[in-house]
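For reference, the structure is listed below as structure tokens.
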Amino acid sequence: MEADTITFKAFGNEQITPHLEAIRSLISDGLSEPYSIYVYRYFLHQWGDLCYLALDGDYLIGVVICKLEKHREHGSHRGYIAMLVVKEEYRGRGLATKLVKMAIDAMIDRNADEVVLETEVTNNGAIKLYEHLGFLRSKRLHRYYLNGNSAFRLVLYLRSTNNIHQSDKVDGEIEMTDD
Amino acid sequence: MSTAKQMANNSGGFSDAFARLHVSDKVTDGQQSSTTITSPASANFRDVTQLFRQACQGLDVGQLVKDPNFTLFEAVGALEIMDPKMDSGLLKPGEEDTHPEIYQPVLPEEIIGIMDQLLSSEMSWHDGAALSQTVFTCLYIDNLLSLGPSNIEEAKFSLAQSDNHQPGTSAYQLLHLVLRAYCVGLVKCCDHVNRQILAEHTYEEEDFVTQTYNVSLLEFVSITDVNKLLVSAIEYIDSALAPWPNNIKMALKARLAFRKFFLAELSRDVKDMVEKRSNWDGCITLLSTIGITRNLGKPVPSVFSIAVQRKLASTVPPRPIVQIPFEEAFTIVSRLCKDAKEILRILNYSGATNLMSFFLRFTARKPQPSTYVRSLLQTLFFGDHIALGRMQISQILLDDVKELCLPADDLFDPRNELSEMPTDTRYQIHQRMKWFIERAGNSYITLYRTICQNRSRLRRNLCHLIVDWDALQIECEEIDGELQQLIKEEPVLHNDNISYAFSLSSWVYHYKLRQMEWIIFLGFELELYTALGRLGLVRIPPQPYSTDALRYELRMKPFLTIGCPDVIPFDDFKSLVDNPEIDTLEMLEMATENTKEGRKNFDLLSKMSAASSHAILCEEGYRLNLREYLRSCIGAGVAIVVLTKAIKTNTLVDVEVEIDQGSYHPWFPVPRIASKKRPPLPAVPPGTTR
């Protein structure tokens with residue numbers, strides 16, 4: 001586990017990055033929710049450039065999967081961090097923070113107004129990671145996950161909403177996972 | 001990202017598709033017509049295999065065809081067959097899909113054990129798990145329900161012949177009368193709980209899972225028949241035919257009788273609750289017998305199996321068995337009975353503000369009252385559009401306005417309604433009050449219902465409600481102005497200003513402000529906020545992607561669209577909070593004064609009567625709440641003293657801070673300040689403020 005053997009790269013697309021199966025098994029082991037192949041393809045096909053991988057040599061050790069799109073018709077340009085996993089034996093070395101920063105930087109390049117995500121209320125490591133980057137807990141989602149655990153919605157404003165559409169100021173949210 | 005909500009929404013599955021078919025039929029016909037599903041035989045099919053193969057050849061490996069309308073919602077709802085996390089029918093290597101004979105107990109102790117395991121399953125369901133993880137995992141329940149019994153005779157076990165269970169023997173009766181009666185009673189209880197929860201507003205899969213996987217919860221079996229069965233089981237145990245010691249008989253009887261009483265309470269409608277006394281106390285008494293005889297039971301884990309999930313028509317992924325320990329289940333069911341009894345208090349109407357206080361106190365209790373009870377509370381309040389089983393909501397609404405704002409009597413004069421002449425003042429007053437009742441009445445009912453939601457939802461929903469109340473306030477200001485003229489209101493001099501009552505809009509403003517207050521304080525309760533410090537005791541990292549101003553804007557988001565009061569601009573807020581010109585020690589002195597003042601005022605409040613505190617229906621909870629406030633004041637006072645001392649003795653570097661959530665008011669957590677070298681100072685011991 002030499003630090004200098006660890007490299008980062010964007011997923012891009014499936015032709016240039018043959019890592020889909022490795023990503024699936026890494027996430028399946030690391031997260032409680034079951035995701036079908038469609039979920040991975042949904043993200044990777046449309047926002048492969050917002051998905052970053054951490055590799056030790058050729059071995060996949062971390063991944064962050066995101067999307068970026070208009071939130072409702074006249075809403076903000078909202079980035080969403082859907083999944084973040086680092087292999088257990090590689091944790092505590094700042095790899096997750098590095099992956100998230102790469103994703104946020106890429107979203108900023110693409111004019112994101114804000115970035116949102118959910119994390120389990122008991123996942124202190126993740127909460128700390130995101131709060132250290134500037135995220136705030138905006139709401140609590142009761143029994144959000146299939147296993148009955150609750151979540152915090154974390155939000156990072158990248159620019160003032162005064163500069164975006166006024167109509168999005170009120171949170172008339174429709175309860176969807178991508179919200 | 002979560003998959004749960006999607007699963008819930010998709011859980012209709014096949015029948016859902018039919019429902020949609022039905023709708024589209026109606027739309028195209030443009031008239032009321034019964035659904036006609038074309039028989040597959042008459043449809044024109046075309047084999048597209050070749051076409052499909054051909055199209056595939058145009059694709060490279062890794063290339064994807066995506067329908068632009070394919071959403072994340074659909075992606076997340078999809079399940080993969082043969083994936084152990086998603087396929088509930090999957091057999092693990094070595095597993096076989098056979099149905100081994102269900103173990104048939106002989107001992108009454110085993111029956112007691114199964115009954116108590118079933119109670120654990122049932123309460124796990126009440127606590128938020130699905131039936132497929134709880135009650136339905138019991139092989140006896142599965143056996144009872146799998147053929148879809150439509151009457152009490154059919155609601156029986158069909159078990160293999162057993163030498164130990166010849167008809168007429170006590171072992172036979174144990175299973176086919178005693179356990180059967182208990183299971184039938186329990187399923188019927190579940191039926192009524194499900195009906196109640198579906199009748200009111202709660203969040204599926206979040207508060208509760210009502211999904212029954214197309215298994216009928218004996219909905220066609222009458223309560224009378226279930227009662228008869230339970231009674232005959234009790235009579236059998238009482239008879240000389242049942243050859244068991246008295247303590248065993250007592251244990252079995254208490255469990256059966258509890259089912260009977262519990263079912264009777266769960267199946268009552270509001271009218272019945274208004275007219276007749278409840279018997280929750282009877283349930284509570286029987287529960288204590290169940291608790292005492294708990295050790296007589298011998299658990300039979302083998303009659304619960306996750307394999308049952310394979311058979312349930314479902315589009316949800318497999319979920320593990322949830323069976324909370326008996327002690328926990330016992331606590332939940334006991335609390336349910338006490339809470340369900342307590343909410344009946346609201347039927348003794350004693351004014352609107354007392355009613356509101358009750359809702360607020362009751363639902364703030366920790367742990368929060370169960371989904372069932374919060375649903376029942378909504379029904380008692382406004383089931384079938386009748387308030388408290390016998391009143392009009394308008395009366396409660398107007399009482400609330402009267403109790404809080406003391407508006408002019410002319411507005412409520414019953415003679416107003418009798419006037420039919422549009423030019424008449426009375427007529428015009430009545431028209432405006434009628435408008436108010438309709439417009440504000442809806443917001444008012446919604447507020448009560450919202451308070452009954454889980455705490456996370458309460459805060460989120462309030463963020464939406466205040467927008468409505470803000471609009472309502474503006475509309476009411478206009479009406480107030482008109483009413484002012486109609487009743488020729490005399491202004492009063494207030495702080496050298498002429499002022500009018502503006503009763504309706506003042507009332508609305510009051511409730512809007514309270515809701516805004518709740519939003520903020522619930523932020524503490526739900527742990528959305530973290531403390532910050534100017535002494536560097538709480539380390540704030542650089543947070544490279546955001547600024548204080550942006551975070552302030554995000555925090556204030558719920559209030560940004562509210563017309564009045566205005567959100568303070570960030571710079572003003574910053575100078576108010578940072579107080580750069582005030583020295584830290586001086587600020588701590590001010591804080592000491594404030595906590596002392598707080599204590600004094602909470603002391604005064606606790607001396608007031610329940611009536612003048614609008615706490616007639618919830619005095620105990622109200623006083624407990626005041627004591628928690630007081631403890632927070634004292635705790636904060638102690639923290640200030642320790643901090644002041646550390647600054648004065650230059651020992652700040654040795655000091656550690658943590659937020660103490662435990663022993664204080666949930667809205668006013670207190671920082672616990674301790675020396676790193678010494679063990680932490682104790683929190684204010686319980687009882688200090690009593």
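Values below: every heavy atom of this structure, side chains too, minus hydrogens, waters and symmetry copies. Letters A, B, ... are given to chains in the order of the sequence lines, protein chains preceding strands, and every chain is numbered from 1.
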Mind running side-chain hydrogen bond (donor to acceptor under 3.5 Å, both in side chains) on B/Y213 and B/S132 for me, showing each step along the way? CA-CA 8 Å; B/Y213 316 92; B/S132 64; 3.0 Å; yes
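Your options are B/S456, B/G523, B/A549, B/S546, and the one with the most heavy-atom pairs under 4.5 Å with chain A is B/S456. Note on A/I81, A/I104, A/V121: by heavy-atom pairs under 4.5 Å with chain B, the leading option is A/I104. Ranked by non-hydrogen atom pairs under 4.5 Å with chain B, the options A/T119, A/L133, A/V115, A/I37 are led by A/L133.
Only the backbone of A/S32 comes within contact range of chain B, with at least one heavy atom under 4.5 Å from a heavy atom of that chain. Heavy atoms of B/Y203 lying under 4.5 Å from chain A are absent altogether. Residue A/Y40 does not touch chain B at all, counting heavy-atom pairs closer than 4.5 Å. Looking at B/D127, the atoms closer than 4.5 Å to chain A (heavy atoms on both sides) all sit in the backbone: N, CA, C or O.
Ring-plane geometry between A/Y80 and A/F43 is classed as parallel, the angle between the planes falling under 30 degrees on a 0 to 90 degree scale with a further cut at 60.
Salt bridge status for A/K87 with A/D56: absent, with no side-chain N to carboxylate O gap under 4.0 Å.
At least one cation-pi condition fails for B/K574 and B/Y552: the charged atom is not both under 6.0 angstrom from the six-membered ring centre and inside a 45 degree cone around its axis.
Surrounding NZ of B/K66 are more than 12 heavy atoms belonging to other residues, nucleotides or ligands, all under 6.0 Å away.
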